[in-house]
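Below is one structure, written out as structure tokens; comments come after it.
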Amino acid sequence: QPSENQEEQQTQTDEDGKYLSKPLISHVFTADPSAHVFNGKIYIYPSHDVESEIKQDDSGAHFNMRDYHVFSMESIDAEPVDHGVILDVDDVPWAKRQMWAPDAAEKDGKYYFYFPAKDYDDIFRIGVAVADSPEGPFKAEAEPIKGSYSMDPAVFKDGDDYYMYFGGIWGGQLQKWRTGKYVSTGDRPYDDEPADDEPAIAPVVAKMSDDMLQFAEEPKQIMITDADGEPIKAGDHDRRFFEAAWVHKYNDNYYFSYSTGDTHNIAYAIGDNPYGPFIYQGVILEPVEGWTNHHSIVEVDGKWYIFYHDIEISGETHLRNVKMAELTHNADGTIQTIKPLKE
Ligand code: FUB
């Protein structure tokens with residue numbers, strides 16, 4: 001059952017006394033929550049973590065997920081309802097394994113579910129499945145999105161346009177696409193990475209086609225810079241992009257947020273258009289329990305929330321549980337840092 005005692009949820013706070021929810025879902029393991037408001041309800045599209053026979057390795061093979069559930073909440077303090085499995089790896093002809101962080105979008109009354117998976121060549125691609133309802137059932141396209149690669153798709157709606165942001169390094173393979181083609185010189189996480197003093201590998205964006213099933217343009221890299229306009233360097237592990245892209249718009253600015261991976265923060269950078277460049281600002285969410293940190297940001301009834309995960313229930317880095325906290329933008333547009341691990 002989902003967390004039974006909602007009152008008890010009020011008791012968790014971060015280092016500065018900010019409210020943090022308890023695990024929102026406890027009957028299955030969930031991670032990488034992409035939250036949206038569709039038809040006045042909150043929908044969460046997470047990864048569905050499971051135990052599998054695959055041993056832990058540096059490429060994240062132990063995140064060996066095979067299906068997705070969708071959850072809805074009537075309001076921000078309501079219990080999530082599990083609508084069951086919306087897509088299984090066996091229903092996707094091109095996908096072999098590792099169904100990682102997904103996202104969803106609505107356009108003209110249809111719902112599009114975007115998901116990464118490794119294909120039969122063990123290369124991550126991004127697929128799309130379509131439904132008439134946010135709860136599914138979703139039907140996957142027979143092929144991945146043409147020209148898609150790497151993982152962690154996040155689709156952002158800006159007026160009538162939709163943009164997909166994607167990519168992740170190390171196990172997410174983005175470093176192997178530096179030439180525009182998949183080139184792998186080894187399987188250690190840092191193989192194929194730039195030198196420390198070179199610009200970090202950048203996340204990728206592409207506008208979606210009108211039918212939401214393809215890219216409308218060649219995917220482009222987006223630059224994250226410091227305050228002087230210099231690209232963040234590959235050796236700057238505290239600030240460089242690793243995975244878990246998300247974009248929200250606040251006061252006409254575009255906030256690109258992401259995980260810094262091996263330094264475990266959710267950081268953010270601000271730009272004045274969907275393609276960037278984005279100027280690094282700071283940390284939204286400090287490390288949580290567990291190696292990965294992955295989030296989404298959504299406005300509900302005029303307040304902003306961050307959905308994220310940790311490993312409170314299992315204590316195992318690949319068996320995560322979704323949580324939520326309120327997010328505060330300061331008057332100058334910066335975001336207050338959430339510090340979930342108390343000193
Ligand atoms: O859930 C599998 C992977 O772990 C995601 O795709 C990453 O963002 C990390 O959270």
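Position 1 is the first residue of the sequence, and the numbers go up from there.
- Side-chain N or O atoms of Lys323 include none that pairs as donor or acceptor with a backbone N or O of Ile306 at under 3.5 Å.
- Not counting sequence neighbours, Asp272 has no partner by the side chain to side chain donor-acceptor pair (under 3.5 Å) test.
- Here the closest heavy-atom approach between residue Phe307 and residue Val298 is recorded as CE1-CG1, 3.7 Å.
- Ala202 approaches Phe241 most closely through the heavy-atom pair C-CD2, 4.4 Å.
- More than 12 heavy-atom neighbours from other residues, nucleotides or ligands sit within 6.0 angstrom of CE on Met73.
- Rounded to the nearest 0.5 Å, atoms OH (Tyr19) and CD (Gln12) are 8.5 Å apart.
- Heavy-atom minimum distance, Asp238 versus Tyr280: O-OH, 4.2 Å.
- Applying the 6.0 Å contact sphere to CG of Asp160 captures no more than 12 heavy atoms from other residues, nucleotides or ligands.
- Residue Phe113 is tested with Val128, Val155, Leu87, Val130 for a side chain to side chain contact (heavy atoms under 4.5 Å, CB included); the sole match is Leu87.
- Taking a cutoff of 4.0 Å between a charged side-chain nitrogen and a carboxylate oxygen, Arg178 and Asp192 do not qualify as a salt bridge.
- Without hydrogens or angle criteria, Gln336 side chain to Thr328 main chain gives no donor-acceptor distance under 3.5 Å.
- A distance of 4.0 Å separates CG of Asp103 from CH2 of Trp246, quoted to the nearest 0.5 Å.
- In this structure, Pro137 has no side chain to side chain contact (heavy atoms under 4.5 Å, CB included) partners at least two apart in sequence or on a different chain.
- Using a 4.0 Å cut-off between charged side-chain N and carboxylate O, Asp121 and Lys96 make no salt bridge.
- Not a single donor-acceptor pair under 3.5 Å links the side chain of Ser259 to the backbone N or O of His294.
- Residue pairs that meet the salt bridge (charged side-chain N to carboxylate O under 4.0 Å, His left out) test with at least one member in residues 38-48, sequence neighbours left out, are Lys41-Glu74, Lys41-Glu135.
- Atom CD1 of Ile44 and atom NE2 of His36 lie 11.0 Å apart (nearest 0.5 Å).
- The distance between the ring centers of Tyr255 and His248 falls below 6.0 angstrom.
- Of the residues Asp196, Asp262, Thr263, the one that meets the side chain to side chain donor-acceptor pair (under 3.5 Å) test with His237 is Asp262.
- Of all heavy-atom pairs between Val322 and Pro46, the closest is CG2-CB, 4.3 Å.
- The backbone N or O of Gly159 lies less than 3.5 Å from a partner atom in the side chain of Lys157, making a donor-acceptor pair.
- For Tyr275 and Tyr163, the distance between ring centers is under 6.0 angstrom.
- Using a distance-only test at 3.5 Å, with no hydrogens or angles considered, no donor-acceptor pair links the side chain of Asp16 to the main chain of Lys18.
- Rounded to the nearest 0.5 Å, atoms CG (Asn293) and CD1 (Ile266) are 4.0 Å apart.
- When hydrophobic side chains of Ile, Leu, Val, Met, Phe, Trp and Tyr are connected at separations under 4.5 Å, Ile279 ends up as a singleton with no cluster partners.
- Considering CD1 of Ile54 and CG of Asn64, their distance stands at 5.0 Å, rounded to 0.5 Å.
- The two residues Pro116 and Tyr68 have their closest heavy-atom pair at O-OH, 3.5 Å.
- Side-chain atoms of Tyr111 do not come within 3.5 Å of backbone N or O of Phe138 as any donor-acceptor pair.
- Residue Leu319 belongs to a hydrophobic cluster whose other members are Phe29, Ile313, with links defined by side-chain heavy atoms closer than 4.5 Å.
- For Asp236 (side chain) and Arg240 (main-chain N/O), no donor-acceptor pair under 3.5 Å exists by modelled atom type.
- Evaluation of the salt bridge (charged side-chain N to carboxylate O under 4.0 Å, His left out) test over residues 179-190, restricted to residues two or more places apart or in two chains, returns Arg188-Asp191.
- Checked by atom type, the side-chain pair Thr334/Asp332 shows a donor-acceptor distance below 3.5 Å.
- Residue pairs satisfying the ring pair (Phe, Tyr, Trp, His ring centres under 6.0 Å) criterion with at least one member in residues 190-226, sequence neighbours excluded, are listed as follows: Phe166-Phe215.
- Side-chain atoms of Ser184 never come within 3.5 Å of backbone atoms of Lys176 as a donor-acceptor pair (strictly under, hydrogens ignored).
- Under a 3.5 Å cut-off, the side chain of Tyr165 and the backbone N or O of Pro274 do form a donor-acceptor pair.
- Scored by the side chain to side chain contact (heavy atoms under 4.5 Å, CB included) test, His264 finds Pro287, Trp291 as partners (sequence neighbours excluded).
- Around atom NZ of Lys220, more than 12 heavy atoms belonging to other residues, nucleotides or ligands sit under 6.0 Å away.
- Atom CG of Asp152 and atom OH of Tyr114 lie 16.0 Å apart (nearest 0.5 Å).
- Closest of all the heavy-atom pairs between Glu326 and Trp304 is CG-O, 3.3 Å.
- Looking only at distances, a side-chain donor or acceptor of Glu106 sits under 3.5 Å from a matching main-chain atom of Gly109.
- A search for side chain to side chain contact (heavy atoms under 4.5 Å, CB included) contacts involving Val85 returns Asp67, His69, not counting sequence neighbours.
- Criterion: ILVMFWY side-chain heavy atoms under 4.5 Å apart, direct or through other members. Under it, Met151 and Met65 are part of a common hydrophobic cluster.
- Taking Glu289 as the reference, Asp310, Ile311, Glu312, Leu341 meet the side chain to side chain contact (heavy atoms under 4.5 Å, CB included) condition, with sequence neighbours excluded.
- Counting only N and O atoms by type, the side chains of Tyr254 and Asp158 include a donor and acceptor under 3.5 Å apart.
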May I have the list of side-chain donor-acceptor pairs in residues 168-175 shorter than 3.5 Å, sequence neighbours left out?
from, atom 1, to, atom 2, distance (Å)
Trp170, NE1, Glu193, OE1, 3.2
Gln173, OE1, Phe124, N, 2.8
Gln173, NE2, Asp122, O, 3.0
Gln175, OE1, Trp170, N, 2.9
Gln175, NE2, Trp170, O, 3.1

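- Within the structure, salt bridge (charged side-chain N to carboxylate O under 4.0 Å, His left out) contacts touching residues 47-65 (residues at least two apart or in different chains) are Asp49-Arg320.
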